[in-house]
Amino acid sequence: MIIREDKRFNEVVYIMKLKNGMQVHMLPKDDPYFSTYVELSMPFGANHLHYKLDDHEVHYPPGSAHFMEHKIFAMPYGDAFMKFSNLGVDANAMTSYQQTSYMFNATSNVIEALKLLLEMLDTPYFTKENIETEYQIISEELKMYLDDIDSVIYQDLMAALYQNHPFKNDIGGTLDSIKHIDKNVLNDIFSHFYHPSNRLIVIAGKIDIKEIEAFFKAYDRKIKTDIPKIKYPREPKQVFKENVVKVKDLSISKLALGFKFKSNNKRGIDQIKNELMHTMLFNLLIGPSSDLYHDLLSKKLINKNFYISSAFENKDAHFMIFADTKDPETLKTKLLNYLQQSDKPLFTKEAFERYIKVYLGQFIFALNSVEHKAYLYGKYIHKHAHLFDVVDAIQSITFEDLLETYEQFKNYPVASVMYKKG
């Protein structure tokens with residue numbers, strides 16, 4: 001057992017590294033915490049569609065990771081969700097571009113729920129019948145997203161930004177791609193990416209350390225395997241389509257802008273710092289406290305449905321702006337002129353220093369939620385960084401760092417998608 005203490009946050013982390021390669025990280029918190037949150041995750045997500053192992057190459061259909069997330073709950077006796085419910089445990093799962101997570105929240109029966117979680121992860125049960133049933137379920141889910149205009153414009157923007165990178169695909173795949181997900185695909189994913197050595201378990205909240213340690217020692221057994229290296233297609237620096245315009249039956253027009261860039265091959269805390277700098281820059285430039293935001297709001301070029309989003313993975317990254325607007329052409333021109341053609345700094349050192357204090361405070365305050373803390377902890381471990389080191393990374397960012405990032409940002413290629421009111 002490895003014990004890591006951070007006195008600044010009154011946090012102690014207990015780390016178990018099992019013989020089978022799995023890691024268990026425990027973040028105990030006593031009263032007033034009465035529940036235990038468990039998240040088991042693998043660094044295998046929607047963008048991981050191609051791998052090479054020795055001379056063996058495999059391509060998965062888009063949506064495979066999400067399909068696998070659903071099918072893991074299938075057991076020979078039925079759906080594991082029902083067993084979690086019978087234990088009084090709230091279970092869920094999630095697929096992102098970079099990882100798949102299975103989680104539960106419990107106030108009792110924690111060991112029983114852990115047994116069920118690992119039984120579920122260790123028992124692949126894929127049949128022709130249950131795969132066909134899942135295909136119908138996911139098809140309906142995808143159709144639901146096709147009826148959501150915000151989901152559709154998001155996907156159109158991703159398809160405009162990327163020519164080859166898996167970012168261009170919806171996390172759930174398409175109605176066509178999921179037809180190609182069969183028993184062989186699921187078994188291959190399970191054997192190569194769901195192996196214990198590729199799993200991370202984070203447990204936060206009310207924890208009996210000795211009980212958890214005894215449970216995992218009894219569970220552990222040595223198993224060897226090689227985790228394949230994910231391959232990515234070569235992605236051009238430029239966007240795939242600069243402008244996409246569609247006429248839609250809408251009550252108000254919509255604009256989506258995407259800025260595409262490379263994330264400099266950094267790893268660990270250096271990569272996290274790069275992400276933080278870009279996030280801070282965008283919030284300073286067009287966040288709710290920025291001059292531009294209030295100017296656009298006063299001119300009624302935007303409304304409250306104005307937000308930014310980002311994603312970083314290995315070498316590739318992007319930032320996106322989404323807005324409802326009565327005049328998408330004018331809004332696009334104003335945004336690009338302001339963001340990429342200004343000769344003077346668009347934020348002051350005072351604004352930066354004020355913002356970084358707020359950002360740091362919000363980050364630390366969010367750690368009061370055991371669910372959020374466990375999620376961030378696992379996310380950063382998969383990125384080869386530690387949650388509490390992120391605080392140091394935030395504090396190390398300078399005004400000059402953001403000015404340098406802004407100069408780089410001016411040259412980022414841009415894609416736009418407009419949905420004009422019909």
Taking every non-hydrogen atom, the tightest pair across [X] and [Y]:
X	Y	value
P328	L255	O-CD2, 4.0 Å
I252	T325	CG1-O, 3.5 Å
S309	F322	CB-CE1, 4.4 Å
L376	L387	CB-CD1, 3.9 Å
L285	L292	O-CB, 3.8 Å
L331	A323	CD2-CB, 3.7 Å

Is it true that [X] and [Y] have a side-chain N and a carboxylate O under 4.0 angstrom from each other?
X	Y	value
E11	R4	no
K420	E329	yes
E275	K383	yes
D327	K334	no
K168	D316	no

Side-chain ([X]) to main-chain ([Y]) donor-acceptor, under 3.5 angstrom:
X	Y	value
S290	L284	no
N130	Y125	yes
T100	M42	no
H48	G45	yes
D220	K19	yes
D148	S151	yes

D156 and Y419: side chain donor to acceptor below 3.5 Å
yes
For [X], I'd like to know if atom [atom1] has over 12 heavy atoms of other residues, nucleotides or ligands within 6.0 Å.
X	atom1	result
F365	CZ	no
E404	CD	no
K248	NZ	yes
K357	NZ	no
D291	CG	no
Q340	CD	yes
Y380	OH	yes
D147	CG	yes

Would you call [X] and [Y] a side-chain contact if the rule is heavy atoms closer than 4.5 Å?
X	Y	value
Y135	I181	no
K421	K326	no
Y338	D295	no
I321	F306	yes
P62	D170	no
V391	Q395	yes
M68	I72	yes
S177	S64	no

So I212 and L114, side-chain contact (heavy atoms from CB on, under 4.5 Å) or not? Walk me through it.
CA-CA 9 Å; I212 297 291; L114 268 172; 3.7 Å; yes
Report the residue from F81, F126, F104 that forms a ring pair (Phe, Tyr, Trp, His ring centres under 6.0 Å) with F73.
F81
Distance, nearest 0.5 Å, that separates [atom1] of [X] from [atom2] of [Y]:
X	Y	atom1	atom2	answer
I269	L276	CD1	CG	7.5 Å
R199	S41	CZ	OG	11.0 Å
L40	S101	CG	OG	8.0 Å

Any ring pair (Phe, Tyr, Trp, His ring centres under 6.0 Å) pairs touching residues 236-263, not counting sequence neighbours?
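Applying ring pair (Phe, Tyr, Trp, His ring centres under 6.0 Å) to every pair that reaches into residues 236-263, excluding sequence neighbours, yields F259-F282, F259-F409, F261-H278, F261-F312, F261-Y412.
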I'd like a table of donor-acceptor pairs (distance under 3.5 Å, sequence neighbours excluded) in which one partner is a side-chain atom from residues 185-194, with atom names and distances.
{"residue": "N187", "atom": "ND2", "partner": "K183", "partner atom": "O", "Å": "3.2"}
{"residue": "D188", "atom": "OD1", "partner": "Y51", "partner atom": "OH", "Å": "3.2"}
{"residue": "D188", "atom": "OD2", "partner": "Y51", "partner atom": "OH", "Å": "2.8"}
{"residue": "D188", "atom": "OD2", "partner": "Y60", "partner atom": "OH", "Å": "2.5"}
{"residue": "D188", "atom": "OD2", "partner": "H192", "partner atom": "ND1", "Å": "3.4"}
{"residue": "S191", "atom": "OG", "partner": "N187", "partner atom": "O", "Å": "3.2"}
{"residue": "S191", "atom": "OG", "partner": "D188", "partner atom": "O", "Å": "3.1"}
{"residue": "H192", "atom": "ND1", "partner": "Y51", "partner atom": "OH", "Å": "3.2"}
{"residue": "H192", "atom": "ND1", "partner": "D188", "partner atom": "O", "Å": "3.1"}
{"residue": "Y194", "atom": "OH", "partner": "Y102", "partner atom": "OH", "Å": "2.8"}

List for me each residue that meets side-chain hydrogen bond (donor to acceptor under 3.5 Å, both in side chains) alongside [X], sequence neighbours excluded, and say none if there are none.
X	result
H294	none
Q136	E132
E371	N105, S369
E69	T95

How are the rings of F167 and H165 set relative to one another: parallel (under 30°), tilted (30 to 60°) or perpendicular (over 60°)?
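Because their plane-to-plane angle is under 30°, the rings of F167 and H165 count as parallel.
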Relative to each other, are the rings of F216 and Y219 parallel, tilted or perpendicular (30° and 60° limits)?
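Judged by the thresholds at 30° and 60°, the geometry between F216 and Y219 is perpendicular.
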Could you walk me through whether T398 and D401 satisfy the side-chain hydrogen bond (donor to acceptor under 3.5 Å, both in side chains) test, starting with their C-alpha distance in whole Å, then the side-chain angles of each, then the deciding distance to 0.1 Å, before giving a yes or no?
CA-CA 5 Å; T398 66; D401 287 334; 3.2 Å; yes
Using salt bridge (Lys or Arg N to Asp or Glu O under 4.0 Å) as the criterion, point out the one residue from K260, K315, K262 that pairs with E235.
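Exactly one option meets the salt bridge (Lys or Arg N to Asp or Glu O under 4.0 Å) with E235, and it is K260.
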Check the pair K373 / V202 against side-chain contact (heavy atoms from CB on, under 4.5 Å), numbers first and verdict last.
CA-CA 10 Å; K373 181 166 66 175; V202 180; over 6 Å; no
From CA spacing to verdict: side-chain contact (heavy atoms from CB on, under 4.5 Å), I201, L118:
CA-CA 10 Å; I201 295 185; L118 291 171; 4.2 Å; yes
Evaluate L281 against F319 for side-chain contact (heavy atoms from CB on, under 4.5 Å), listing each step before the verdict.
CA-CA 11 Å; L281 175 66; F319 259 90; over 6 Å; no
